[in-house]
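To keep things clear, I will list the structure first and then write my remarks on it.
The structure presented is a predicted model; accordingly, all values stated were derived computationally and were not measured. Count residues from 1 along the sequence.
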Amino acid sequence: MHVDCSVNGPAPGTQGLGWLFHGWKEAEGRAGKRTRAVAEKGSPSPNSMLRVLLAAQASAAQLSGLLLLPPIQPFCLGPSKWGDRPPGGGPRAGPAQGLQRLLEQARSPGELVRWLGQNPTKVRAHHYPVALRRLGQLLGSQPQPPPVEQTSLQDLSQLIIRNCPSFDIHTIHVCLHLAVLLGFLSDAPLVCALERERRFRLPPKPPPPLQPVLRGGQRLEAALSCPHFLRHPQQHLIRSLAEARPEELTPHVMVRLAQHLARHRLREPQLLEAIAHFLVVQEAQLSSKVVQKLVLPFGRLNYFPLEQQFMPCLERILAREAGAAPLATVNILMSLCQLRCLPSRALQFVFSPSFISHISVPLPVGTPHAPIVRRYLSLLDTAVELELPGYQGPRLPRRQKVPIFPQPLITDRARCKYSHKDIVAEGLRQLLGEEKYRQDLTVPPGYCTDFLLCVSSSGAVLPVRTQDPFLPYPPRSCPQGQAASQPTTQDPAQRVVLMLQERWHFCRDSRVLLGSRALRERHLGLLGYQLLPLPFEELESQRGLHQLKSYLRQKLQALGLRWGPEGG
């Protein structure tokens, strides 16, 4: 433990045991006082946090200590820990153990010095911290130490100074801390000797680099870039940032805020509105590569802002820079697709032959942009097919189409050990039989389903191997005047998709599905699949496989489904 030895404590034995506490308080230093003061008053309000960030002058290191790092914990010396086991471990010799008992029971500082001086062959390094601790107890119990005790204190100091070269680093730290608590000044011989030994044992540390003074948005950017903040987001600080004026923030700060919201699934309307307003105000200064990052949380969090100029602003940006950054253009349209808001002019551009030929040019090895753009264009073409029946512009050529999401999403693969998929699959196997459901089946145009059942017109669950599990895509033409959202089919068999709705499929602390999940369910419904959602709250409330089977039975029977001997 590092101890600040520049503390000037009061003279020993003048205020009872209170001076020990006073010495510790002083030894914590200014940084500890500031952090502790914040902790004692409770969490600072969002307004005060924002005021500190935007008004005060502070370095990046001071910012981390003020807002992001946990308070410094005080050092407390436990009751006679040195009597229980000496530092460094190992068995104790009998004479050394007897000397320790004598030191702990000494009745005066003079007796302490006498026990140490008269038994040089029995003294070990760990006896000196015991002596210093007992000395503090003795001096704290006297109203004013007599001159002879001051002499004994000096004699004990000389003994420690003489023997401290043989101490290990732990014993040096403890003696140094106890000396500060006893009131030794920073220039006292005992403190200087211990500090010199401490520096000699530890490797030298390079001087800390000078930290630039940060102001306004730069300070917010530094806070949001701090690794501790990224691992442990502070919601009260995030919410407070929505109160800042757009001109006080930089585009990079707003991008980090948008990425933070999307990464942690935080559907904060006030902050999302602030991002939308910033985008509208700074439209002329923002490139499409920055705009794609600012728009990302709106699609992911399934939130359409109240800002009236949000869509007109994005349409102007797409018209201005669509050809300069193909991937950014398609990313913006993907976010708008999740919000069910696709501008026709931008769609005509990305489906134009010139744009498609541009993204089809071979790129350097390791560049993933072209496959990503083709997959996103395939999804946009699906959205046009299912959601925009009045669209008359160009479409994606069939030879350019690729499966949209041919396998479970990355988030599901990363959290598979927390998923309910395995236990639901076992429940369906015992309830229906292996031949009457398919798991992780990808249906055209490329959506991966959790579980799929084929059901006859009478409600009987049919063996999947005897049926075509796929509904036609594109959907067959609807009669004149019938909405595109109500596809018809001549196939009497119905397809039922069981959709697992895990906890991470929703915005945090919300019942709003993430944009990608809502888009998948919406499109599967428009394709003609009947959806049976299985929310995580209901799945988590089932205790064991028996209860889960009863739950699945009730869910399937509520749809009119039959199975077993009576169901065929």
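Without hydrogens or angle criteria, Ser357 side chain to Ser354 main chain gives a donor-acceptor distance under 3.5 Å. Between the side chain of Thr442 and the backbone N or O of Cys448, no donor-acceptor pair lies under 3.5 Å. A donor-acceptor contact shorter than 3.5 Å links the side chain of Tyr529 to the backbone of Leu471. One N or O on the side chain of Gln547 and one on the backbone of Arg543 form a donor-acceptor pair closer than 3.5 Å. When atom types are taken as modelled, the side chain of Arg438 and the backbone of Glu435 share no donor-acceptor pair closer than 3.5 angstrom. Here the side chain of Trp563 pairs no donor or acceptor atom with the backbone of Ala460 at under 3.5 angstrom.
Under the 4.0 Å criterion applied to side-chain N and carboxylate O atoms, Arg465 and Glu434 are not assigned as salt-bridge partners. Between Glu321 and Lys289, no side-chain nitrogen of the basic residue sits less than 4.0 Å from a carboxylate oxygen of the acidic one, so the salt-bridge criterion is not met. The pair Glu283-Arg316 meets the salt-bridge criterion, since a charged nitrogen lies less than 4.0 angstrom from a carboxylate oxygen.
Applying the side-chain contact (heavy atoms from CB on, under 4.5 Å) test to Ser419 and every residue at least two apart in sequence or in another chain returns Lys421, Leu500, Glu502, Trp504. For Glu426, the side-chain contact (heavy atoms from CB on, under 4.5 Å) partners are Arg429, Gln430, Leu545, not counting sequence neighbours. Scanning for side-chain contact (heavy atoms from CB on, under 4.5 Å) contacts around Tyr303 gives Arg267, Pro269, Leu272, Glu273, Phe298, Pro305, with sequence neighbours left out. When the ring pair (Phe, Tyr, Trp, His ring centres under 6.0 Å) test is applied to Tyr551, no partner is found at least two apart in sequence or on another chain. Residues forming a side-chain contact (heavy atoms from CB on, under 4.5 Å) with Leu513 (at least two apart in sequence, or on another chain): Gln501, His505, Phe506, Arg517, Ala518, Glu521. Not counting sequence neighbours, the partners of Lys401 by the side chain to side chain donor-acceptor pair (under 3.5 Å) test are Asp381.
The structure places SG of Cys337 at 12.5 Å from CG of Asn331, a figure rounded to the nearest 0.5 Å. Separation of atoms CG (Leu336) and CG (Leu347) is listed at 9.5 Å; rounding is to 0.5 Å. In this structure, Tyr376 OH and Ile404 CD1 are separated by 11.5 Å, a value rounded to the nearest 0.5 Å.
Arg562 has its side chain out of reach of Val461: every pair of non-hydrogen atoms, C-beta onward, lies at least 4.5 Å apart. Contact check for Gln348 versus Tyr391: side-chain heavy atoms found under the 4.5 Å cut-off. Looking only at side-chain heavy atoms (C-beta outward), Leu301 and Leu266 stay at 4.5 Å or farther from each other. With contacts defined as side-chain heavy-atom distances shorter than 4.5 Å, the pair His358/Pro326 qualifies. Gln285 is not listed as a side-chain neighbour of Pro251, based on a closest heavy-atom distance of 4.5 Å or more. Contact annotation: the side chain of Leu453 approaches that of Leu432 to within less than 4.5 Å [non-hydrogen atoms, C-beta and beyond]. No side-chain heavy atom of Leu333 sits under 4.5 Å from any side-chain heavy atom of Leu377. In this structure the side chain of Leu556 reaches within 4.5 angstrom of the side chain of Leu431, judged on heavy atoms.
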When you look at Arg503 and Glu537, which way does the salt bridge (Lys or Arg N to Asp or Glu O under 4.0 Å) test go after all the steps? CA-CA 8 Å; Arg503 187 180 297 271; Glu537 302 100 331; over 6 Å; no
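More than 12 heavy atoms of other residues, nucleotides or ligands lie within 6.0 Å of CZ in Arg522, so this atom counts as buried by the packing criterion. Counting non-hydrogen atoms of neighbouring residues, nucleotides and ligands closer than 6.0 angstrom, the CD atom of Gln308 reaches no more than 12 such neighbours. By the neighbour-count criterion of 12 heavy atoms within 6.0 Å, atom CZ of Arg398 is sparsely surrounded, having that number or fewer from other residues, nucleotides or ligands.
Between the side chains of Glu387 and His523, a donor-acceptor pair is found at a separation under 3.5 Å. Thr382 and Tyr473 form a side-chain donor-acceptor contact under 3.5 Å, judged by distance and modelled atom types alone.
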